[in-house]
Structures are given as C-alpha cells and as structure tokens.
Amino acid sequence: MKTINENKTVFTFTRGGIHPPDNKHYSEGIAITDAPVPELFIVPLSQHLGSPAEPVVEAGDTVAYGDLLAKSSGFISANIHSPCAGEVKEFTEIFLPHGGRSKAVVIASDGSNPPDFPETDDWKSMGKEDILKAIADYGIVGMGGATFPAHVKFSLPKGYSAEYLVINGTECEPYLTSDHRLMLEKTEELFKGMRILHSVLEPKEVRIGIEKNKPDAIARMQEFAAKADFPVRVFPLKVKYPQGDEKQLLKAVINREVPSGALPIEVGAVVANIGTVNAVYEAVACKKALYERIVTVSGGGIKKPVNLKARVGTPVSMLIEEAGGTVDETVKLVAGGPMMGFAFFDPETPVTKGTSGILALTEKELRRSRETACISCGRCVAACPMGLNPSRLFKFLDHQEYEEAMAIGLLDCKECGCCGFSCPAHIPLVQGMKGGKYELRRRKARKDAAARA
C-alpha cells in the first residue's frame, strides 16, 4: 500500500505539548533479551483497569505455563495466567507501584522451560466473535500503560463503526524503547496482529503513528506497509510529548478531536498500542496467554540499560540486576516512564502486564527544586494539550472547591505532567489533580453508600 515519505511530511497535534529530553539513547540500540527467571513468582490479580480477577486455583495446586490462575470478574476485567510451571504456594497481598493494594498468587517454579507457541493457520479463517473470545480468554489488555481489557475495546458498541484503526507506535515517554524494539524485531508479527484486528473492526484504513526519533522503525514499518494485503499507512510524527495519548494521536493522524468525556470510537476510530498488537497476534495466532512483556530497564542510575522480555510476577530487582545494577547516585525508582509513571520503593515489586519500563533516576535527572508561589506566567496553560488552566484548577482544589474545579474541566485532565514540567515555581500541579479526583471519587462512594442505606 502507499506510504508517506517521512522526510517530507511530519504530523503532530496542535495544542500544547512539551519537549522533554527523550533519553532513548540509553537503550534504543539494545536488542530484546530474556529476563532471568525467579524461583518464586508473585502474580498480582489486579493487572488491568477494572475489577480484580477472581482466583480459580488454590494453594497446593499444580499449574502449567499459561494456565488460568484467576478469571475476569466483570465486564471491565481480564484473565490472569501462570508465567511458569510449578506449584501454587499461597496467596498474599502486595502494594503495586501506583499505591493500590492487590491480592497475588505466589507460585514456586519447577524450573522447566516454557513450551513453544508456534503460529497456526487457524486465525486466518476465524470469525470476529472467535477472535474477540481468544483476546478475552488469553487475558490481553492495553500494553501502553492503561491496561484496559482489549476484548472490550475491540468490541464495537451497537451503532458504531471504526473508520480508522490507529496504531500507537509513538512511545513518547522519555527513556522507554520497548515498542521501538518490537517494531524492529517483530515487524512481521505486528503486521499479522494488525491484519487480525482489521478483520474484526473492518476499518477503511489502518494508520500507524511513529515519532521521528525512530527513523529505523519508520523505515521498517513502511517497508512492510508497502506490501501489506490490507490498507495501511505509516505516519511520521513530530517528537512532542504527549504524542502517544489517544486524543493527541488522533488529532495528529486523522485530524479529529475527541469531545470532552467521549471515546475515540465516537469520532470513528479505535487506537491500539504496538505492544497490544503483538499480544493480540500471540493470543489469536499462537494461542499464547499474556504472561510476559517487553520491559525497558534504563535511566542514568542503571549501569547497562536493556530491553528485557520479562514474565509477569518477576521481581523488579532481578531486572535491575540483569542491567548491571544501579549507580550510587540513584535516588528514585520509577515504574513506567518519568512523566506518567509511578515512583516505588520496594525492588521486590513484581512485573505486571502494564510494566513498560523500570527506571533508576539520579538527582540530576529529577530536576527537583523548592516550590515557590505561582507567578501567573501561563506556561502551564500553554503546555496543556487539553486546553485547561492547570494553575486555576490547582487553586480551586487547594481550597477544596471541587465543584468549581469540575466545572472548568478537572476530569479532562490526562495527568500527563506537561504543566508540572513547565512550571517555573515547581508547584506539584499533577499531584493536585490526582488528589482532587481521588477526593471526588471518595465523596461519590460515600454518597452512594448513604443512598443505599
């Protein structure tokens, strides 16, 4: 199919955005290798947006690779599968990097190697419902960080159609390079995954957005797009954060804006991350459950940055050790990217389906300074990709005026961090937005409980 010349045409969104140092040089040239395998896996039952999965195994049970450990417990939920063969030892409770608690299954591995999951031809004749069932059965979720159950996203609501399937290959968060490596090393599999999703959604075109700081990935994906048997184009994008957010990506790639409170399907689009596409291919074509993913281990505090294929339930400490350990100047560990990731303190925290990166950052990288008073410079307003006034929102929230904050768009805030990055007064704007949303949820829960009483 026809592709776009990346040297002549560059696309982006138009409102706000910032240009933090991308720091991808640490790991962008490092091929994916297998992470070490622990003797004990700690597999959380909350690895996705929505309700935690309900366990279907008990202590003492023997499990094989990919066996179902916990079943989705609601419409927005996802299955959890075993990352090893071994014995279920116990159930425990852990903290995840975002601060939430989760039940977890502890499995002692028997040390056996995983089986092969060869591609079969069955998927070429599968119907839509069978494909969606496989995506659900094998526990596929959004791999870009949101971890939304994929079978729900790809099941179009009645009366809606997808004019475009937009593939998110931007990987706009600094440091992260796992999607970049997938595009280089798993190109054929990715195009099969796109072909599978094309057969489900039947869009008029598949559009792949990739930022220009990945010229080798753009060239590789264009090469495959030119010989694909379905309509697909590659869109080179300006290096600009948060290019990978759904709303900004759709503005850049199909020039449509998603209204406040609406979903991409309401403007005729479905968005899928590169990692999600790979997981869909493995589930549908290879009958492989989602129990491992690619994780970038990087940052100025990591001695030898790497891209690792790590199994869910592996302690982060083993990934850091595989990357040579940390330097003495390391002051913070982050799960995900530095803009929207979560700082965590326990190196025994396990890898989950949503762990795109593990960063060890030094004081120099954190750019921390003393908070001062707002000087009304407007930089946060200029940087906000959602067109909000972060400083005004923060003031409302700081004075507990939650309804006023709601009225000027609090729930439209994506918590992308553009405002805080741009603020010369170093005001914790994003933390204020998170706290305000948490308080609103708490008040709603209390009101609902009172209404039921």
Check whether any side-chain N or O of [X] sits under 3.5 Å from a backbone N or O of [Y] as a donor-acceptor pair, and report yes or no.
{"X": "Y164", "Y": "L250", "value": "no"}
{"X": "T276", "Y": "A272", "value": "no"}
{"X": "S155", "Y": "H151", "value": "yes"}
{"X": "S102", "Y": "S46", "value": "yes"}
{"X": "T314", "Y": "A310", "value": "no"}
{"X": "R207", "Y": "V253", "value": "yes"}
{"X": "N389", "Y": "V381", "value": "no"}
{"X": "N278", "Y": "G275", "value": "no"}
{"X": "Q243", "Y": "L237", "value": "no"}

Considering all heavy atoms, the nearest [X]-[Y] contact:
{"X": "A269", "Y": "I254", "answer": "CB-CD1, 3.9 Å"}
{"X": "F344", "Y": "T349", "answer": "CD1-OG1, 3.8 Å"}
{"X": "A70", "Y": "A53", "answer": "CB-CB, 3.5 Å"}
{"X": "S109", "Y": "F41", "answer": "CB-CE1, 3.9 Å"}
{"X": "R220", "Y": "M183", "answer": "CG-O, 3.7 Å"}
{"X": "V297", "Y": "I302", "answer": "CG1-CD1, 3.9 Å"}

Within the 4.5 Å heavy-atom criterion, are [X] and [Y] side-chain neighbours or not?
{"X": "I210", "Y": "M221", "answer": "yes"}
{"X": "P315", "Y": "I42", "answer": "no"}
{"X": "P21", "Y": "P174", "answer": "no"}
{"X": "S356", "Y": "V295", "answer": "no"}
{"X": "N168", "Y": "E246", "answer": "no"}
{"X": "V316", "Y": "P350", "answer": "no"}
{"X": "S199", "Y": "I131", "answer": "yes"}
{"X": "L263", "Y": "V258", "answer": "no"}

Name of the residue among T33, D179, T177 meeting side-chain hydrogen bond (donor to acceptor under 3.5 Å, both in side chains) with N307
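Testing N307 for a side-chain hydrogen bond (donor to acceptor under 3.5 Å, both in side chains) against T33, D179, T177 leaves exactly one candidate, T177.
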
Has [X] got more than 12 heavy atoms of other residues, nucleotides or ligands less than 6.0 Å from its [atom1]?
{"X": "E321", "atom1": "CD", "answer": "no"}
{"X": "K128", "atom1": "NZ", "answer": "yes"}
{"X": "E39", "atom1": "CD", "answer": "no"}
{"X": "K287", "atom1": "NZ", "answer": "yes"}
{"X": "K414", "atom1": "NZ", "answer": "yes"}
{"X": "R379", "atom1": "CZ", "answer": "no"}

Exactly one of K251, Q248, E257 should register a side chain to side chain contact (heavy atoms under 4.5 Å, CB included) with R15. Which one does?
E257

Residue pair C84, I107: steps toward the side-chain contact (heavy atoms from CB on, under 4.5 Å) verdict:
CA-CA 8 Å; C84 67; I107 307 173; 3.6 Å; yes

I'd like to know whether the aromatic ring centres of F230 and H198 sit less than 6.0 Å apart in this structure.
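Yes, the ring centres sit under 6.0 Å apart.
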
May I ask you to check if K227 and F224 form a cation-pi contact, with NZ or CZ under 6.0 angstrom from the six-membered ring centre and within 45° of the axis?
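Yes, K227 lies over the aromatic ring of F224.
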
Less than 6.0 angstrom from the centroid, inside 45 degrees of the normal: does R101 satisfy that with respect to the ring of F95?
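Here R101 passes the 6.0 Å and 45° test against F95.
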
Check the side chains of [Y] and [X] for a donor-acceptor pair under 3.5 angstrom, ignoring hydrogens and angles.
{"X": "Q47", "Y": "T147", "value": "no"}
{"X": "N213", "Y": "D22", "value": "yes"}
{"X": "S260", "Y": "D412", "value": "yes"}
{"X": "E119", "Y": "Y281", "value": "yes"}

Do the side chains of [X] and [Y] get close enough for a salt bridge, i.e. N-O under 4.0 angstrom?
{"X": "K437", "Y": "E415", "result": "yes"}
{"X": "K238", "Y": "E211", "result": "no"}
{"X": "K186", "Y": "E188", "result": "no"}
{"X": "E28", "Y": "K24", "result": "no"}
{"X": "K332", "Y": "E363", "result": "no"}
{"X": "K204", "Y": "E163", "result": "yes"}
{"X": "E171", "Y": "K214", "result": "no"}
{"X": "D121", "Y": "K124", "result": "yes"}

Atom [atom1] in [X], atom [atom2] in [Y]: separation rounded to 0.5 Å?
{"X": "I135", "Y": "N79", "atom1": "CD1", "atom2": "CG", "value": "13.0 Å"}
{"X": "I358", "Y": "T296", "atom1": "CD1", "atom2": "OG1", "value": "10.0 Å"}
{"X": "L333", "Y": "L359", "atom1": "CG", "atom2": "CG", "value": "9.0 Å"}
{"X": "F191", "Y": "E223", "atom1": "CZ", "atom2": "CD", "value": "9.5 Å"}
{"X": "C419", "Y": "M433", "atom1": "SG", "atom2": "CE", "value": "5.0 Å"}
{"X": "E282", "Y": "Y291", "atom1": "CD", "atom2": "OH", "value": "8.5 Å"}

Apply side-chain contact (heavy atoms from CB on, under 4.5 Å) to the pair V141 and H48, showing each step before the final yes or no.
CA-CA 7 Å; V141 301; H48 48 267; 3.8 Å; yes

Take K247 and F13 through the test side-chain contact (heavy atoms from CB on, under 4.5 Å) and record every step on the way to the result.
CA-CA 9 Å; K247 292 190 175 184; F13 59 98; over 6 Å; no

Go through the steps to decide whether V166 and V270 satisfy the test side-chain contact (heavy atoms from CB on, under 4.5 Å), and finish with yes or no.
CA-CA 6 Å; V166 177; V270 172; over 6 Å; no

Just say parallel, tilted or perpendicular for the rings of Y175 and Y26, cut-offs at 30° and 60°.
parallel

